[in-house]
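Everything below concerns the one structure shown next.
Treat the numbers as computed from the prediction; the structure is a model and nothing was measured. Letters A, B, ... mirror the listed sequences (proteins, then strands); counts begin at 1.
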Number of protein chains: 2
Amino acid sequence: MLDKPTGDWRAERREAARAEILRVAGQLAREHGLAGLSLRDLARRLGMAAPSLYSYFESKNALYDAMFTEGWQTLLDLPQPDPDPDLRTSLRRSTHAYVRWALEDPVRYQLLNQRTIPGFEPSPEAYAVAQRAYEHMMAPLRALVDVTQEDLDLLTALVGGLINQQIANEPGGTRWVGLVDDAMDLYAQWLRARATTTPAA
Amino acid sequence: MLDKPTGDWRAERREAARAEILRVAGQLAREHGLAGLSLRDLARRLGMAAPSLYSYFESKNALYDAMFTEGWQTLLDLPQPDPDPDLRTSLRRSTHAYVRWALEDPVRYQLLNQRTIPGFEPSPEAYAVAQRAYEHMMAPLRALVDVTQEDLDLLTALVGGLINQQIANEPGGTRWVGLVDDAMDLYAQWLRARATTTPAA
DNA sequence: GTCTATATGTGGATAGAC
DNA sequence: GTCTATCCACATATAGAC
């Protein structure tokens, strides 16, 4: 009969511990690279024995999965910039916010957008969060104009390409992401041209 | 006095053995992922003992470095499509050839274009080959129009973005790379607009 | 050059005591 | 939940026989 309330604060403590583990795991991943993350390191930094981690995550991949979910969740929590009726202005604002978020933690971006860890594949639940984050980012554009899936795919490729190049070839710099405004002008032009050539499609 | 000719066929045999190791290493990387490559597996598949590999490569990273060099070399060996005076046609042809090459071995593309292996950084010699391959791919465009570094950066981001999305989200499919023609039209439009707005810059 | 044998250090993961 | 002890696979490296 006492199980419910007891379980509550136990679950709370457990969740707090899990969150702390995820926080430190993120730190270590930023320091040693995503694949360089080791459970021994993680446990040492947390002041616990390595096997104790298995009380909170059933495997290293489960830990990656939780980091994956949490990462997309931060994007979902990102407030959308003020809506603007002008397509170019709206595109620029959303994209700038996204790029800032991506560059603020390149390792997180790598985990979320590339399949680089051999055995890891996000669980269906984690993938669902990623999907919601995607729709969250696309919502302002959808509200402004009619876009096809192809239009959105081209946008994600363009923005993702700039971010990838920046992270891979000049971490910390602005050579590629400095082209975001140009890229968005280009893309807005494209959208308008499509709207006039295929209005009945 | 016999050293020179003797050294010749010895060096030949040695090079043949190195090439065979690289070939099988590529196979294994495609099967188990780049980071999943193990020297024990590699030696087993080659029918030799693991320590024997050290006669050909002084470390695992040296092996990655050779794979890196060889990978860029295949791009350098890629014949450029017939030159065409029309910008859009030329862009489409070059890009199609590049995309085909990239998708024909996604793991190679990952090794060449992302820093995903913790300890590995290409040697200066390997990096020089990568640079030459880059110029090789850009040469047809350069021959046709005056382009700034920013123009080329936008192109690499756009094409690389399509390839990355394809590999990460739908390996084996065509959802993103099917947009290459659209993307090149978009980019050609951009180049022409730039040429007319900043002719004196 | 290539093998066997061996050694160290790292990693994920499990069993079982407390 | 947490610990110690342990297992297995791996990278790296060396010694010594053939």
Side-chain angles (χ1 to χ4, degrees), chain A residues 3 6-22 24-25 27-29 31-68 111 116-121 123, chain B residues 2-3 5-22 24-25 27-29 31-68 111 116-121 123:
Chain A
D3 271 333
T6 304
D8 270 10
W9 55 260
R10 275 199 187 159
E12 241 175 69
R13 278 182 58 88
R14 189 184 162 78
E15 269 318 297
R18 274 178 63 103
E20 174 66 2
I21 292 172
L22 285 174
V24 176
Q27 266 185 16
L28 285 172
E31 289 173 27
H32 306 312
L34 200 54
L37 175 62
S38 118
L39 295 185
R40 281 169 156 79
D41 267 8
L42 180 54
R44 193 179 317 128
R45 178 105 34 134
L46 284 160
M48 59 167 67
S52 302
L53 290 171
Y54 285 84
S55 300
Y56 299 99
F57 300 96
E58 68 176 5
S59 72
K60 194 185 185 183
N61 276 348
L63 177 64
Y64 279 133
D65 202 60
M67 294 170 74
F68 182 94
L111 171 64
T116 175
I117 299 162
F120 171 65
E121 200 152 357
S123 63
Chain B
L2 285 173
D3 270 334
T6 305
D8 270 9
W9 54 261
R10 276 198 186 159
E12 241 174 70
R13 279 182 55 89
R14 188 184 164 76
E15 269 318 299
R18 273 178 62 102
E20 174 66 2
I21 292 171
L22 285 174
V24 176
Q27 266 184 17
L28 285 172
E31 288 174 27
H32 306 312
L34 200 53
L37 176 62
S38 124
L39 296 185
R40 282 169 157 76
D41 267 7
L42 180 54
R44 193 179 316 131
R45 177 102 38 131
L46 284 161
M48 59 166 68
S52 303
L53 290 171
Y54 285 84
S55 301
Y56 299 99
F57 299 97
E58 66 176 7
S59 71
K60 193 184 185 183
N61 276 347
L63 177 64
Y64 280 133
D65 203 61
M67 293 170 74
F68 183 94
L111 170 65
T116 175
I117 299 162
F120 171 64
E121 201 151 358
S123 63

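- Each salt bridge (charged side-chain N to carboxylate O under 4.0 Å, His left out) pair with one or both residues in residues 50-68 of chain A, not counting sequence neighbours, would appear here, but there are none.
- Applying the side chain to side chain donor-acceptor pair (under 3.5 Å) rule to pairs touching residues 31-49 of chain A yields A:Gln27-A:Arg45, A:Glu31-A:Arg45, A:Asp41-A:Arg44, sequence neighbours excluded.
- Looking at which nucleotide of DNA chain C each of B:Ala17 and A:Leu39 is closest to, the 5′-most match is held by B:Ala17.
- Annotation: proximity of residues 44-59 of chain A to DNA chain C (heavy atom, distance under 4.0 Å) is found for A:Pro51, A:Tyr54, A:Ser59, numbered in ascending order.
- Taking A:Glu121 as the reference, nothing meets the side chain to side chain donor-acceptor pair (under 3.5 Å) condition, with sequence neighbours excluded.
- For B:Phe120, the ring pair (Phe, Tyr, Trp, His ring centres under 6.0 Å) partners two or more places apart in sequence, or in a different chain, are B:Tyr64.
- Following rounding to the nearest Å, A:Leu28 (CG) and C:dG12 (C1') show an atom-to-atom distance of 16 Å.
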Check against side chain to side chain contact (heavy atoms under 4.5 Å, CB included), A:Leu63 and A:Leu42: CA-CA 11 Å; A:Leu63 177 64; A:Leu42 180 54; 3.7 Å; yes
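- Scored by the salt bridge (charged side-chain N to carboxylate O under 4.0 Å, His left out) test, B:Arg14 finds no partners at all (sequence neighbours excluded).
- Judged as a side chain to side chain contact (heavy atoms under 4.5 Å, CB included), and not counting sequence neighbours, the contacts of A:Ala49 are A:Pro51, A:Ser52.
- Boundaries of the chain B contact region on DNA chain D are D:dC10 to D:dT14, first to last in 5' to 3' order (nucleotide atom under 4.0 Å from a heavy atom).
- When rounded to the nearest whole Å, the span between CZ of A:Arg40 and P of C:dG12 equals 7 Å.
- Using a 4.0 Å heavy-atom cutoff across all strands shown, A:Arg14 reaches sugar-phosphate atoms only and no base atom.
- No engagement by A:Leu42 is indicated, since no non-hydrogen atom pair under 4.0 Å with the nucleic acid exists.
- Every residue was checked against the side chain to side chain donor-acceptor pair (under 3.5 Å) condition with B:Ser55, not counting sequence neighbours, and none meets it.
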